[in-house]
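Presented below is the structure to which this report refers.
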Amino acid sequence: MAQPPAENERTPPYHQPPSYDVYGAAQSEPYGYPPSHPVQPYGMPYQPQYPMDLRQQAYPAGLQKSRLAAGLLAIFLGGFGIHNFYLGRTGIGVVQLLLTVLSFGFLAPLVWIWVIVEAILILTRSPGYATDAKGIPLRD
């Protein structure tokens, strides 16, 4: 007849408390599963494996839109929403275009006030207008 295993052999791994590193992160997940995230060794600076923010990436010049071009489009053709189409904000561009065209120009002065405010925000690098619709920052 087989003897029962010793007490330390019967103890499943999920009864063992996880060990912690210097930063307080668990070295192993509870219940004996492998770690779900890489643990940085002691003394190593934190280096994420992916960029945390789109603004930290370097973009090729062809991918970034020009802040000056968007501002000039807003000043000269803004009543038709051309600057918003250029920046990829098609919803706002369609609203500006329809307000100008379907009102036969009666609402055009209101749209132009809206557009001049947007042009100032684009040219002064306001946080809401510093990127295009994809979140890519505008170049100078």
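A quick note: this is a predicted structure, and the numbers were derived from the prediction, not measured.
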Minimum-distance pair of heavy atoms, taken over all atoms of [X] and [Y]:
X	Y	result
Ala70	Leu87	CB-CD2, 4.0 Å
Arg89	Thr131	NH2-O, 2.6 Å
Gly88	Ala133	O-CB, 3.3 Å

Backbone N/O of [Y] and side chain of [X]: donor-acceptor pair under 3.5 Å:
X	Y	result
Gln64	Pro137	yes
Arg67	Leu123	yes
Ser103	Leu99	yes
Tyr86	Ser66	yes
Thr100	Ala108	no

Let me check something: do [X] and [Y] share a hydrophobic cluster, defined by ILVMFWY side-chain heavy atoms less than 4.5 Å apart, either directly or through other members?
X	Y	value
Ile92	Leu110	yes
Leu77	Leu121	yes
Leu107	Val115	yes
Val111	Leu73	no
Leu97	Val117	yes

Lys/Arg-Asp/Glu bridge criterion (N-O < 4.0 Å) met for Asp140, Arg125: yes
field: Side chains of Ile75 and His83 in contact at under 4.5 Å (non-hydrogen atoms)
entry: no
query: For Gln96, which of Trp114, Trp112, Phe85 qualifies under side-chain contact (heavy atoms from CB on, under 4.5 Å)?
result: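 Only one option passes, and that is Trp114.
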- request: Could you please spell out the steps behind the side chain to side chain contact (heavy atoms under 4.5 Å, CB included) verdict for Asn84 and Glu118?
  value: CA-CA 10 Å; Asn84 283 317; Glu118 279 187 337; 3.4 Å; yes
